[in-house]
Amino acid sequence: MSEQREVLQRYLRAGVDGDRATRSALFSDDAVVEFPFAPQGSQRRFAGRQEIDAMFSLIGDTARAGDIRIDEAASSLTVHETADPEVLIAESEVHVDTPSGRVELPYIQVFRIREGKIVLFRDYFGPRTGELTRTLFS
């Protein structure tokens, strides 16, 4: 397994487990997270580990408060390697259970991983995710 795949797997595991310290440590100090399809008027770019940590903490806190849980067994993930050895593309469908029922959320995520750290993460989520996260990024 490549170093980039190992970092991606640790990032995904930390996200599911709510392990903020591990997830934070996987980003470089000057990393950038972008949500190109975020709803209009929402923040689409988070720069630096501190801003990224705050954004992920808000998402995690909101999910816990709303009793939103990922069903790992029902979710799927395919990782695509690219011609650039630093870049991986993760294609996933995440199944989450909410108080109002099951929701299936498709994602395409592009990771640039250099020297064991995520330096760029672009999350191209579907419209349903945009609806669920609209208030988080406003």
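The chain is numbered in sequence order, starting from 1.
Between V94 and S75, the shortest heavy-atom contact is CA-OG, 3.5 Å. Of all heavy-atom pairs spanning L8 and I113, the tightest one is N-CD1, 4.2 Å. Nearest heavy atom pair, residue L77 against residue A90, reads CD1-CB, 3.9 Å. Nearest approach of D84 to T82, heavy atoms of both residues: O-OG1, 2.8 Å.
The shortest distance between side-chain heavy atoms of V110 and F121 does not fall below 4.5 Å. Looking at R69 and V96, their side chains never come closer than 4.5 Å, going by heavy atoms from C-beta outward. The side-chain heavy atoms of Q109 and R122, taken from C-beta on, include no pair separated by under 4.5 Å. You'll find the side chain of M55 reaches within 4.5 Å of the side chain of V33, heavy atoms only.
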Checking side chain to side chain contact (heavy atoms under 4.5 Å, CB included) for the pair H80/L88: CA distance, chi angles, key distance, verdict?
-> CA-CA 6 Å; H80 304 276; L88 293 176; over 6 Å; no
Under the salt bridge (charged side-chain N to carboxylate O under 4.0 Å, His left out) criterion, do E51 and R45 qualify, and how do the steps go?
-> CA-CA 10 Å; E51 193 169 308; R45 187 173 195 274; over 6 Å; no
Could you walk me through whether V79 and I89 pass the side chain to side chain contact (heavy atoms under 4.5 Å, CB included) test, one step at a time?
-> CA-CA 6 Å; V79 177; I89 299 171; over 6 Å; no
Intermediate values then yes/no, side chain to side chain donor-acceptor pair (under 3.5 Å), Q9 and Q4 = CA-CA 9 Å; Q9 290 297 325; Q4 285 75 15; over 6 Å; no
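Using a distance-only test at 3.5 Å, with no hydrogens or angles considered, no donor-acceptor pair links the side chain of R44 to the main chain of E34. For the pair H95 (side chain) and A74 (backbone), a donor-acceptor distance under 3.5 Å is present. A donor-acceptor pair is defined here as one N or O able to donate and one able to accept, closer than 3.5 Å; no such pair exists between the side chain of S24 and the backbone of R20.
For F56 and F46, the ring centers are positioned 6.0 Å apart or more. Checked against the 6.0 Å centroid threshold, F37 and F125 do not count as a close aromatic pair. Outside the 6.0 Å centre-distance limit, the rings of Y124 and F35 are not counted as a close aromatic pair.
Under a cut-off of 6.0 angstrom, the local environment of CD in E3 is crowded, with over 12 non-hydrogen atoms contributed by other residues, nucleotides or ligands.
Paired with S28 under the rule side-chain contact (heavy atoms from CB on, under 4.5 Å), one option of R114, E115, R112, K117 passes, and it is K117.
Under the 4.0 Å criterion applied to side-chain N and carboxylate O atoms, R102 and D71 are assigned as salt-bridge partners. D19 has no carboxylate O lying under 4.0 Å from a charged side-chain N of R23, or vice versa, which leaves the two without a salt bridge.
At a threshold of 4.5 Å between side-chain heavy atoms, the hydrophobic network of Ile, Leu, Val, Met, Phe, Trp and Tyr places V119 and I52 in two separate groups. The hydrophobic cluster containing V32 does not contain L58, counting ILVMFWY residues as joined when their side-chain heavy atoms lie under 4.5 angstrom apart, directly or transitively. Linking ILVMFWY side-chain heavy atoms closer than 4.5 Å, directly or via other members, places Y107 and L120 in two distinct hydrophobic clusters.
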